[in-house]
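For reference, the structure is listed below as structure tokens.
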Amino acid sequence: MTTNIKNKKVTPKKTLKQKSVSILKSVLVYSSIFFVIYTAVNWWRQPVMPANPQLQLTDYKGQNIDLAAMSQDKPTLVYFWGTWCSICSITSLP
């Protein structure tokens, strides 16, 4: 049984400095890709809010309610629920 050593390619091992530079490059590339995607997603998801929002609503009795005036002294909680939602109707019982 003979072995053909001449045809075998010997690849030199990387030094510690080369490994460190390779890892650093990979981290920088992946970090920059993450940063670009993260910034693009946050820009796309940002809400479009008017500078002076309309805070006057009409309740179920037809009366106008000014939320800006109600929330001057204390915070105001607006609770939305659907009549079709069984859990919502149970949790909003007085």
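Computation of the quantities below employed the complete heavy-atom set of this structure, encompassing side-chain atoms and omitting hydrogens, waters and symmetry-equivalent molecules.
When Leu28, Ile23, Val21 are each tested for a side chain to side chain contact (heavy atoms under 4.5 Å, CB included) with Lys25, only one passes: Val21. Across Asn64, Asp66, Leu67, a single residue satisfies side chain to side chain contact (heavy atoms under 4.5 Å, CB included) together with Leu57, and that is Leu67.
In terms of modelled atom types and a separation under 3.5 Å, the side chain of Gln72 and the main chain of Ala68 share a donor-acceptor contact.
In this structure, CG on Leu77 lies 12.0 Å from OG on Ser71, to the nearest 0.5 angstrom.
Using a 4.5 Å cut-off between side-chain heavy atoms of Ile, Leu, Val, Met, Phe, Trp and Tyr, with links allowed through other members, Tyr38 and Tyr30 fall into different hydrophobic clusters. Residues Val29 and Ile37 fall within the same hydrophobic cluster, defined by Ile, Leu, Val, Met, Phe, Trp and Tyr side chains chained together at heavy-atom separations under 4.5 Å.
Residues Lys19 and Lys14 share a closest heavy-atom pair of CE-O, 3.8 Å. Here the shortest heavy-atom pairing between Gln18 and Lys13 reads OE1-O, 4.4 Å. A pairwise comparison of heavy atoms in Cys88 and Gly82 identifies CB-O, 4.2 Å as the closest pair.
For Ile87, the CD1 atom counts as loosely surrounded, since its 6.0 Å shell holds 12 or fewer non-hydrogen atoms of other residues, nucleotides or ligands.
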